There are 2 protein chains.
Amino acid sequence: MFKKFKIPDATIGRLSMYSRYLWEADEKGKNTVSSHDIAQATGVTPAQVRKDLAYFGEFGTRGVGYNSKELYNYIMKILGLDKRWSIAIVGAGNLGRALSQYKGFQQRGFDIACIFDNDPKKIGKKIANIDIYSLDLLEEKVKELNIVLGIIAVPAPAAQDVADKLVNAGIRGIINFAPVNITVKQNIFVRRVDLAAQLEYLTYYLEESR
Amino acid sequence: MFKKFKIPDATIGRLSMYSRYLWEADEKGKNTVSSHDIAQATGVTPAQVRKDLAYFGEFGTRGVGYNSKELYNYIMKILGLDKRWSIAIVGAGNLGRALSQYKGFQQRGFDIACIFDNDPKKIGKKIANIDIYSLDLLEEKVKELNIVLGIIAVPAPAAQDVADKLVNAGIRGIINFAPVNITVKQNIFVRRVDLAAQLEYLTYYLEESR
DNA sequence: AAAATATTGTTAAAGTTTTAACAAAGATTT
DNA sequence: AAATCTTTGTTAAAACTTTAACAATATTTT
């Protein structure tokens, strides 16, 4: 379908930003947007916007711009967001709880199917009406609820073990919030989100700029 | 001190990973590590490790490797983590609450000085023993508590306004969890962390790989 | 209807980052 | 103590990403 050549990773992240702006523009009745409009709203250059889109096809009209709604739909399809995805969260600690209740996932097409934890005090309870199950039920529930993505929100020492279990259960992609590298077999996609490291970029640049 | 040339942004993120591994290695009594050890543990190549470190100096001994503790200390200094930093969290919703209680910040030298929200029901209360104040007190508290970094954990429509207030109060760096671009004046460092976008990388690659 | 203006898609150039290769230097073995 | 092995720091090449320029095409103005 797509992928004529290798697409920069950063392009994918920008497409996500563009789509949010396009939705907003369309909501406000702005039917047509230019690469300049998109660039302005998302903090990149117009050339970058056009280049990013050009990887996937020709979506605009020269002299005119892009149809907001139409380009939104194209990008959502590129990102695989023309359908909904079921995800599981492993770890019902503070972070896991917050992620379970985070509205931003729903809005973008992600349904949290269930939560896993191995604390007997938590198993059987619910967070925001989502069931918490024992990790022993992982494989069963992944199949039953057609879960494709997993979020690891457990302490670092447990992360690799949880990752192995997710992969064994048949999950295809993982977001890892534990500040540790996890290794998985080929064809499983992993993204590490290290919250403290985000602050460390700031402190590095603050130190450097003085 | 550092910065002979432009340092890749990704290098900073990797230094953060390296430092976590070095701490662990030292704890386990592994006094010396090679670039290969670090690479293995963090999922990069040995050449990458050596290149990253070379931007900042010569820390190893040929034929031997690096002293774990010593390299850890160097990297922590590079990242500005040889001292502690005070941060404020704006937004006491689910995400703000979770971040307020996240142990990973403390461990890396970040102290959450206070939380801001404009919901009268929340103001005056505490989360994990941290005070919640009205946004009106932002400027005062930033000065009083020597707060340098801010975390935006409010809904997207409020993010730009909060960013402006943080900057006016004298904050130097911002992590923005709202899925929207914020603009700030020069010399203020911003990092956007878009949680849903992380999932969208996965769905993009899953679609692409079939 | 011609000229001016707007804006895309594409190509080439510039810039950045990663990878690979290897000389230099220390440790270990024979 | 010579030879071999290990591992860094550095240099050069390769790969990748962004920026800039501009022809192509549509719209608006004169």
Side-chain angles (χ1 to χ4, degrees), chain A residues 2-18 21-22 25 30-72 74-75 78 201 204-205 208, chain B residues 2-18 21-22 25 30-72 74-75 78 201 204-205 208:
Chain A
F2 320 109
K3 197 202 180 180
K4 288 163 212 150
F5 351 90
K6 169 81 173 48
I7 313 285
D9 210 50
T11 291
I12 309 307
R14 286 190 297 262
L15 289 180
S16 178
M17 296 198 296
Y18 302 162
Y21 166 70
L22 290 164
K30 187 166 167 56
N31 300 120
T32 303
V33 299
S34 66
S35 57
H36 187 83
D37 294 335
I38 300 174
Q40 180 100 68
T42 57
V44 304
T45 64
Q48 181 85 81
V49 172
R50 296 201 298 277
K51 194 81 221 278
D52 284 338
L53 296 175
Y55 287 121
F56 298 97
E58 299 188 11
F59 305 113
T61 309
R62 291 170 191 222
V64 181
Y66 305 91
N67 179 286
S68 306
K69 188 67 177 292
E70 206 176 287
L71 184 55
Y72 171 81
Y74 275 125
I75 293 180
I78 291 167
Y201 279 95
Y204 167 74
Y205 286 115
E208 187 212 33
Chain B
F2 320 110
K3 196 198 179 183
K4 288 162 211 149
F5 351 90
K6 167 84 173 47
I7 313 283
D9 209 51
T11 291
I12 308 308
R14 286 190 297 262
L15 288 180
S16 177
M17 296 199 297
Y18 302 163
Y21 166 70
L22 290 163
K30 187 167 167 56
N31 298 120
T32 302
V33 299
S34 67
S35 57
H36 186 82
D37 294 335
I38 300 174
Q40 181 100 71
T42 58
V44 304
T45 64
Q48 181 85 81
V49 171
R50 295 200 299 278
K51 193 81 218 276
D52 284 338
L53 296 174
Y55 287 121
F56 299 97
E58 300 187 11
F59 305 112
T61 310
R62 292 169 191 222
V64 181
Y66 306 91
N67 179 285
S68 306
K69 188 67 177 291
E70 207 177 285
L71 184 56
Y72 171 81
Y74 275 126
I75 293 181
I78 291 167
Y201 279 96
Y204 167 74
Y205 287 116
E208 186 213 33

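What you are looking at is a predicted structure, and each value in this text was computed from that prediction instead of being measured. Every chain is numbered from 1 and lettered A, B, ... according to where its sequence line falls, protein lines coming before strand lines.
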**Request:** Counting heavy atoms from C-beta on, name the nucleotide in dT8(D), dT10(D), dA20(D) closest to the side chain of Glu58(B).
**Result:** dT10(D)

**Prompt:** Nearest-Å distance, CG (Asp52(B)) to C1' (dT16(C))?
**Reply:** 14 Å

**Request:** Provide the closest heavy-atom pair for Ser68(A) versus Lys30(A) in the form atom of the first, atom of the second, distance.
**Result:** OG-O, 2.7 Å

**Fill in**
Looking only at dT11(D), dG26(C), dT18(D), the nucleotide nearest the Val64(B) side chain is dG26(C)

**Request:** Compare the minimum distances between each of dT27(D), dT8(C), dT17(C) and the side chain of Lys6(B), then state the nucleotide with the smallest one.
**Result:** dT17(C)

**Message:** Pair Val44(A), Arg14(A) - check side-chain contact (heavy atoms from CB on, under 4.5 Å), show working.
**Reply:** CA-CA 9 Å; Val44(A) 304; Arg14(A) 286 190 297 262; 3.8 Å; yes

**Asked** Closest to the Ala54(B) side chain: dT7(C), dT10(D), dT7(D)?
**Response** dT10(D)

**Message:** Determine whether a donor-acceptor pair (one donor, one acceptor, N or O, separation below 3.5 Å) exists between the side chain of Arg62(A) and the base of dG9(C).
**Reply:** no

**Message:** Expressed as a whole number of angstroms, how long is the span from Lys51(A):NZ to dT19(D):C1'?
**Reply:** 10 Å

**Message:** Check the phosphate of dG9(D) against Tyr66(B), side-chain N and O only, distance under 4.0 Å to OP1 or OP2. Yes or no?
**Reply:** yes

**Request:** Consider the side chain of Pro8(B), meaning its heavy atoms from C-beta on, and name the nucleotide among dT17(C), dT11(D), dT25(D) that approaches it most closely.
**Result:** dT17(C)

**Message:** Could you tell me how far apart Asp37(A) (CG) and dT8(C) (C1') are, to the nearest whole angstrom?
**Reply:** 13 Å

**Asked** Quick one: Gln40(A) CD to dT7(C) C1', roughly how many Å, whole number?
**Response** 16 Å

**Item:** Phosphate OP1/OP2 of dT18(D) contacted by Arg14(A) side-chain N/O (<4.0 Å)
**Value:** yes

**Request:** For Gly60(A) and for Ala47(B), locate the closest nucleotide of DNA chain C by heavy-atom distance; then report the residue assigned to the nucleotide nearer the 5' terminus.
**Result:** Gly60(A)

**Prompt:** Is there a donor-acceptor contact under 3.5 Å linking the side chains of Asp52(B) and Thr11(B)?
**Reply:** yes

**Asked** With no hydrogens and no angle check, do the side chains of Asp9(B) and Tyr205(A) hold a donor and an acceptor under 3.5 Å apart?
**Response** yes

**Prompt:** Among dT19(C), dT18(D), dT8(C), which nucleotide sits nearest the side chain of Ser35(A)?
**Reply:** dT8(C)

**Request:** Looking only at side-chain atoms of Arg50(B), point me to the closest of dG26(C), dT11(C), dC22(C).
**Result:** dC22(C)

**Prompt:** Which of these nucleotides, dG26(C), dT27(D), dT8(D), is closest to any side-chain atom of Thr61(B)?
**Reply:** dG26(C)

**Request:** State which of dA12(D), dT18(D), dA27(C) makes the closest approach to the side chain of Tyr55(A).
**Result:** dT18(D)

**Request:** Take the protein atom OH of Tyr74(A) and the nucleotide atom C1' of dG9(C), then report the distance between them rounded to whole Å.
**Result:** 15 Å

**Message:** What is the distance, to the nearest angstrom, from the CD atom on Gln48(A) to the C1' atom on dC16(D)?
**Reply:** 13 Å

**Asked** Between Ile12(A) (CD1) and dT17(D) (C1'), how many Å, whole number?
**Response** 13 Å

**Item:** Integer-rounded Å distance: dA15(D) C1' and Ile7(A) CD1
**Value:** 16 Å

**Request:** May I have the step-by-step check of side-chain contact (heavy atoms from CB on, under 4.5 Å) for Val33(A) and Tyr18(A), ending in yes or no?
**Result:** CA-CA 11 Å; Val33(A) 299; Tyr18(A) 302 162; over 6 Å; no

**Closest non-hydrogen atom pair, Leu15(A) against Ile75(A)** = O-CG2, 3.5 Å

